[in-house]
Amino acid sequence: MAKFHSILSRRDFMKGLGLAGAGVGAAAAVSPVFRDLDEMASLPSSRVNMPWWVKQVDEPTTPIDWDVLPTLGPAYKGPPPMGLIPPAYPESEIHRMKMDRILGKYPNWDKGANTLGFPGTSADPEYPDYVGDIKDNALVMGAALLNMGMFPTELIMATHGAYMGLTDHPEGWRIMPPPEQRGGTKWQGTPEEALKIVRAAVRFYGFDDVTAIPVDDHFLKVMFGEKWLITHGAPTTFEFGDVDDIVCTPAIRPTKIVIPRRMKWFLQFSSRQPGEVTRHALGTTQNAGQSYYYTSWVKIVKSIQDFLWGLGYISLDNCNGRFAPTGATGILAGAGELARWGGVMTPKYGISVRVMHGVLTDLPLEECKPIDFGGRKFCETCGICADACPMGAISKEEPTWDAAKPYQYGGYLTWRTDMAVCSHCPVCQGTCPFNAFDKSGIHELVKGTVSTTPIFNSFFTNMDKSFDYGRKPPAEWWDSEQPVTGIDTSI
């Protein structure tokens, strides 16, 4: 740049870290952190909802061997029920392992009453099937309606099983006629304008990190040609064909979907999980933040699909990873980086996110790129989530190209979480330092440094441990003033 006018001096940055007396080597190491204002002003529109220190890159920070990945390959089937990874431990053993973790950290934890009202799987009097304080469990119960978009049992029975949930129509529910039948024409605009208005709508409905990528050769290598969904009695196959609209066979819970070739764009979005309630969750059934967003995100996806339909465009939902692994689409589209926990880490919310979401659409959109904010590099020296996992599911080893389990995928260099061991508790999410940096008072400086200067990564990990920004006793949550829906949107 011909003129350099940094928004922050290196000296002020070092003072903010309390390292004003650091040696010349350390001071020089942080010099690449600062962005020129002209550079920031020239960033493309696809970056408008990302922090200033996030870089766009041509390839994801996770190395990928595209040559070994099949095009439209099959997803893992596994033993019945298909689509589910069989657990490595019986439920009683999983319960014991989580109880040991909870009581080790909080010896005075209120074990509470069994939510089922009768003994569960545990026959060990030292590990009864208690699940914790009644207030915490009541909060989860209130968040459980429409979990994963499933209708209540009585509604399923009333339709004789014809309808199971909101995901029964992958193409959306299309509650209004198309524009042509309403006396108008479909919305027209540039791809840049399209992404702008879609982002506004998506964020209104409740999602964030709105990006888009083309359905190109790389996308087709992470997209499934066959996937077995747990709500279906048979695998669903996907193919592109010369059809005018999405063809689902049968119409409800299809086992074959033909996609029009003109659907050349994947619209990506993610949902932020309430951080504070997640930090206070203990991981038995006290996971209200997790449960609430499992009940709301499917509805939001369907709202987005009807918005696109209202504009005059069609879409196919990727709910529950219908046709592509959501982590893969998240890193390709620039929502975040693949992290040690086996999922996506975002620059704003760390791993306190509830799945990556998206739809295929025929609406032309501005292309976005993968991002690099130093997340993967930070994971290399951190490992807090792996230490906290009560099941030992998160790898503490070096990243590997190998897929050691049949339900894991090869072709990329990463840490592979063992999903047969993972009990789907939210413990790891409550420990990630990237979730808590906003509590440190210098979080923008910290994240700006992490994005370019790994020399400080171990320091920030130790700072997180020393200040105990991670998990908190569940009782404290009830004494704090919580923002609407558990997320403070003022910052």
Colleague: Treating N318 as the side-chain partner and A324 as the backbone partner, does any N or O pair qualify as donor plus acceptor under 3.5 Å?
Modeller: yes
Colleague: What is the minimum heavy-atom distance between M356 and A335, and which atoms define it?
Modeller: SD-CB, 3.6 Å
Colleague: For the atom pair SG (C425) and NZ (K98), what is the distance rounded to the nearest 0.5 Å?
Modeller: 5.5 Å
Colleague: Before giving the answer on side-chain hydrogen bond (donor to acceptor under 3.5 Å, both in side chains), spell out for D168 and W173 the whole-Å C-alpha distance, their side-chain angles and the decisive distance to 0.1 Å.
Modeller: CA-CA 9 Å; D168 284 344; W173 289 81; over 6 Å; no
Colleague: With heavy-atom distances below 4.5 Å as the criterion, would you say the side chains of K405 and D418 are in contact?
Modeller: yes
Colleague: Can you give me every donor-acceptor pair (side chain of residues 221-230, partner residue at least two apart or in another chain, under 3.5 Å) with its distance?
Modeller:
unit_1	atom_1	unit_2	atom_2	d
K221	NZ	W66	O	3.3
K221	NZ	L69	O	2.6
E226	OE2	K77	NZ	2.5
K227	NZ	N320	O	3.4
K227	NZ	G321	O	2.6
W228	NE1	H232	O	3.2

Colleague: Verify salt bridge (charged side-chain N to carboxylate O under 4.0 Å, His left out) between D402 and R416, making sure each step is shown before the conclusion.
Modeller: CA-CA 9 Å; D402 299 326; R416 285 175 173 77; over 6 Å; no
Colleague: Only pairs at least two apart or in different chains count here, so list each salt bridge (charged side-chain N to carboxylate O under 4.0 Å, His left out) that has a residue in residues 137-152.
Modeller: none
Colleague: Salt bridge or not between R272 and D209? Use side-chain N to carboxylate O under 4.0 Å.
Modeller: no
Colleague: Please confirm whether the backbone N or O of K135 pairs with a side-chain atom of D133, one donor and one acceptor, at under 3.5 Å?
Modeller: yes
Colleague: Identify the two heavy atoms, one from V344 and one from G336, that lie closest to each other, and give their separation to 0.1 Å.
Modeller: CG1-CA, 3.6 Å
Colleague: Just how far is it from atom OG1 of T167 to atom CD1 of I252, taken to the nearest 0.5 Å?
Modeller: 11.5 Å
Colleague: With sequence neighbours left out, what residues match R96 under salt bridge (Lys or Arg N to Asp or Glu O under 4.0 Å)?
Modeller: E93, D100
Colleague: How about L145 and P152: do any of their side-chain heavy atoms sit closer than 4.5 Å?
Modeller: yes
Colleague: Walk me through whether F373 and M345 qualify under side chain to side chain contact (heavy atoms under 4.5 Å, CB included).
Modeller: CA-CA 10 Å; F373 60 93; M345 175 196 288; 3.8 Å; yes
Colleague: Any sub-3.5 Å donor-acceptor pair from R354's side-chain atoms to Y292's backbone N or O?
Modeller: no
Colleague: Of all residues at least two apart in sequence or in a different chain, which pass the side chain to side chain contact (heavy atoms under 4.5 Å, CB included) check with S315?
Modeller: Q305, L308, V359, T361
Colleague: Which heavy-atom pair separates I94 from S423 by the least distance, and what is that distance?
Modeller: CG2-CB, 3.6 Å
Colleague: Given side chain to side chain contact (heavy atoms under 4.5 Å, CB included), test Y205 with V301 step by step and report yes or no.
Modeller: CA-CA 9 Å; Y205 293 132; V301 171; over 6 Å; no
Colleague: If a pair satisfies salt bridge (charged side-chain N to carboxylate O under 4.0 Å, His left out) and one of its residues is in residues 315-331, list it, with sequence neighbours excluded.
Modeller: K302-D317, D317-R322
Colleague: Residues two or more places apart in sequence or in another chain: which of them pass side chain to side chain contact (heavy atoms under 4.5 Å, CB included) with M419?
Modeller: I85, T417, C422
Colleague: Quick one: which residue pairs count as a side chain to side chain donor-acceptor pair (under 3.5 Å) with a foot in residues 326-342, not counting sequence neighbours?
Modeller: T61-E337, Q268-T329
Colleague: Just wondering, do P60 and L338 contact through their side chains at under 4.5 Å, heavy atoms?
Modeller: no
Colleague: Of the non-hydrogen atoms in P86 and P79, which two are nearest, and what is the gap between them?
Modeller: CG-CG, 4.0 Å
Colleague: How close do A75 and Y409 get, heavy atom to heavy atom, and via which atoms?
Modeller: CA-OH, 3.4 Å
Colleague: Quick one: side chain to side chain contact (heavy atoms under 4.5 Å, CB included) partners of S296, sequence neighbours excluded?
Modeller: Y293
Colleague: Please report the interatomic distance CH2(W297) to CD(Q273), rounded to the nearest 0.5 Å.
Modeller: 13.0 Å
Colleague: Measure the spacing between OH of Y349 and OG1 of T278 and express it to the nearest 0.5 Å.
Modeller: 14.0 Å
Colleague: Under the salt bridge (Lys or Arg N to Asp or Glu O under 4.0 Å) test, which residues partner D65, sequence neighbours left out?
Modeller: none
Colleague: Would a 4.5 Å heavy-atom cut-off, applied to side chains only, mark F240 and K264 as touching?
Modeller: no
Colleague: Does anything in residues 388-408 pair up under ring pair (Phe, Tyr, Trp, His ring centres under 6.0 Å), and if so which pairs, sequence neighbours excluded?
Modeller: Y76-Y407
Colleague: Can you tell me how far OG1 of T400 sits from CD of Q408, rounded to the nearest 0.5 angstrom?
Modeller: 9.5 Å
Colleague: E366 versus K196: any side-chain heavy-atom pair under 4.5 Å?
Modeller: no
Colleague: Keeping T236 on the side-chain end and P254 on the backbone end, is there a donor-acceptor pair under 3.5 Å?
Modeller: yes
Colleague: Heavy-atom distance under 4.5 Å between the side chains of T346 and F434, does that happen here?
Modeller: no
Colleague: Do I246 and I257 pass the side chain to side chain contact (heavy atoms under 4.5 Å, CB included) test, and can you show the C-alpha distance, the side-chain angles, and the key distance before you say yes or no?
Modeller: CA-CA 7 Å; I246 301 166; I257 298 179; 3.8 Å; yes
Colleague: Counting N and O atoms only, with roles assigned by atom type, does the side chain of S352 sit under 3.5 Å from a partner on the main chain of Q429, one being a donor and the other an acceptor?
Modeller: no
Colleague: Using the test ring pair (Phe, Tyr, Trp, His ring centres under 6.0 Å), find all partners of F323 that sit at least two apart in sequence or belong to another chain.
Modeller: none
Colleague: Is the shortest side-chain heavy-atom distance between I371 and T211 below 4.5 Å?
Modeller: no
Colleague: Would a 4.5 Å heavy-atom cut-off, applied to side chains only, mark C428 and I394 as touching?
Modeller: yes
Colleague: Is it true that, when you exclude K299 itself, more than 12 heavy atoms of the residues, nucleotides or ligands shown sit nearer than 6.0 Å to its NZ?
Modeller: no
Colleague: Taking side chain to side chain contact (heavy atoms under 4.5 Å, CB included) as the definition, give me every residue that meets it alongside I213, ordered by chain and number, with sequence neighbours left out.
Modeller: F219, F266, L332, A333
Colleague: For a side chain to side chain contact (heavy atoms under 4.5 Å, CB included) check, start with the C-alpha distance between W109 and L103, then their side-chain angles and the critical distance, and finish with the verdict.
Modeller: CA-CA 7 Å; W109 175 61; L103 293 172; 3.9 Å; yes
Colleague: Can you measure from CZ (F207) to CD1 (I300) and round to the nearest 0.5 angstrom?
Modeller: 4.0 Å
Colleague: Please report the shortest heavy-atom distance between V298 and C319, naming the atom on each side.
Modeller: CG1-SG, 4.5 Å
